[in-house]
Amino acid sequence: MTVKPLYRRVLLKASGEALMGEQHFGIDVSVVDRIAADIAEARALGIEVGVVIGGGNIFRGVAVASKGGDRVTGDHMGMLATVINSLALRTSLNKIGVDAVVLSAIAMPELCESFSQRQATAYMNQGKVVIFAGGTGNPFFTTDSAAALRAAEIGADALFKGTQVDGVYSADPKKDPNATRFERISHGDVIKRGLSIMDTAAIALARENNIPIIVYSIHEKGGFGDILRGGGRCTVVTD
Ligand code: UDP
């Protein structure tokens, strides 16, 4: 039986750390291949997919700032890290026959195209997976904010936040055995309760643009597709 997917166009946010697998740094290609397979499954359902990847597996700007260095330079380094991860995902997608393009918020024409909302939308309409690299292109932001921003720009029906756990919990489930998982919670409550699923700026931007955030485990093979078909385990953040 074919199931009608819940969404037409989605934005997937994966942290850089998700790409490390069991490693302590860098990229585990087999993990990137698995995430690529999940995206291929979404494409097979006819869903248009945009992706934002973080850079925390390689570099975060605060690492420079915390040692007295220039935060802006540190953030530039962090944004470059997201480009490395984005290129890794593109090549994993291409390997399995999924047409994908990297659009960077910071121009580096020898490596990939530069981001423009118009070009991104045109590629998505053509069915290409669009990987948004370079975060927002500005220091002092995060790739969570970039994900909410790009989701709004491409008119995504939902922002999927792939995390280490299968939803939003009342407390950290790794530390508190009594933590309970929300099936549904509002953007406002996430902010009010200080539940750390994404930074506040990202959640506020999603709320302003009526974009639900679907929090799920990126480590669950096929989990993305299950949710897109209406099943799976996740928390839906919506007002
Ligand atoms: N970054 C930035 N501006 C952005 C997005 C990211 O300066 O719009 C930098 C920042 O230094 C950040 C790093 O890139 O620490 C990696 O991004 P992030 O920490 O969001 O990655 P994740 O935690 O998702 O792996």
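Just follow the structure's listing: the first ligand is 1, and inside any ligand the first atom is 1. Remember, it's a predicted structure, so these values are computed and weren't measured experimentally.
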query: Considering only protein heavy atoms, which is closest to atom 14 (O) of ligand 1, and at what distance to one decimal place?
result: G78 C, 3.1 Å
task: For D226 and R233, run salt bridge (charged side-chain N to carboxylate O under 4.0 Å, His left out): C-alpha distance rounded to whole Å, both residues' side-chain angles, the deciding distance at 0.1 Å, then the answer.
output: CA-CA 8 Å; D226 287 345; R233 272 173 79 81; over 6 Å; no
- request: Answer yes or no for K13: is there a heavy-atom contact with ligand 1 below 4.0 Å?
  value: yes
- request: Would you mind running through ligand 1 and noting each atom that sits below 4.0 Å from a heavy atom of G56?
  value: 21 (O), 22 (P), 25 (O)
query: For ligand 1, which atoms sit closer than 4.0 Å to a heavy atom of S15?
result: 24 (O), 25 (O)
Residues K128 and D99 bridged, charged N to O under 4.0 Å: yes
message: Would R60 count as being in polar contact with ligand 1, using the rule that some N or O on each side must be under 3.5 angstrom apart?
response: yes
Output field: ring centroids Y169/F182 closer than 6.0 Å: no
message: With respect to G55, determine whether any N or O atom, backbone or side chain, lies less than 3.5 Å from an N or O atom of ligand 1.
response: yes
Under 4.0 Å to a heavy atom of G54 - the qualifying atoms of ligand 1, by number: 21 (O), 22 (P), 24 (O), 25 (O)
- request: Check the pair N85, N57 against side chain to side chain donor-acceptor pair (under 3.5 Å), reporting the backbone distance first and the verdict last.
  value: CA-CA 9 Å; N85 288 336; N57 56 323; 2.8 Å; yes
- prompt: Would you say T136 and ligand 1 have an N/O pair spaced under 3.5 Å apart?
  reply: yes
field: Closest protein heavy atom (residue, atom, distance) for atom 12 (C) of ligand 1
entry: G61 N, 4.1 Å
- prompt: Which protein heavy atom lies closest to atom 18 (P) of ligand 1, and at what distance to 0.1 Å?
  reply: T143 OG1, 3.4 Å
- request: Would you check the N or O atoms of G16, main chain and side chain alike, for any that come under 3.5 Å of an N or O of ligand 1?
  value: yes
Proximal candidate to atom 11 (O) of ligand 1 [heavy atom criterion; set I53, I106, L80, D75]: D75
query: Hey, mind stepping through K221 and D38 against salt bridge (charged side-chain N to carboxylate O under 4.0 Å, His left out) and telling me if it holds?
result: CA-CA 7 Å; K221 190 168 181 289; D38 283 352; over 6 Å; no
message: I'd like the name of whichever of V64, N138, V72 reaches closest to atom 3 (N) of ligand 1 through any heavy atom.
response: N138
field: SB check E41 R229 (cutoff 4.0 Å)
entry: yes
task: Return the option from F141, F59, F140 holding the heavy atom at the smallest distance from atom 1 (N) of ligand 1.
output: F141
field: Nearest atoms (heavy-atom pairs only) where V52 meets T143
entry: CG1-O, 3.6 Å
statement: Nearest heavy-atom approach of L103 to S114 is CD2-O, 4.0 Å
message: Between D144 and K161, does any NZ, NE, NH1 or NH2 come within less than 4.0 Å of an OD or OE carboxylate oxygen?
response: yes
- prompt: Can an N or O of P139 be found at a distance shorter than 3.5 Å from an N or O of ligand 1?
  reply: no
Shortest protein heavy-atom distance from atom 5 (C) of ligand 1, along with the residue and atom involved: T142 C, 3.4 Å
Pair F59-F25, side chain to side chain contact (heavy atoms under 4.5 Å, CB included): steps then yes or no: CA-CA 9 Å; F59 205 81; F25 177 83; over 6 Å; no
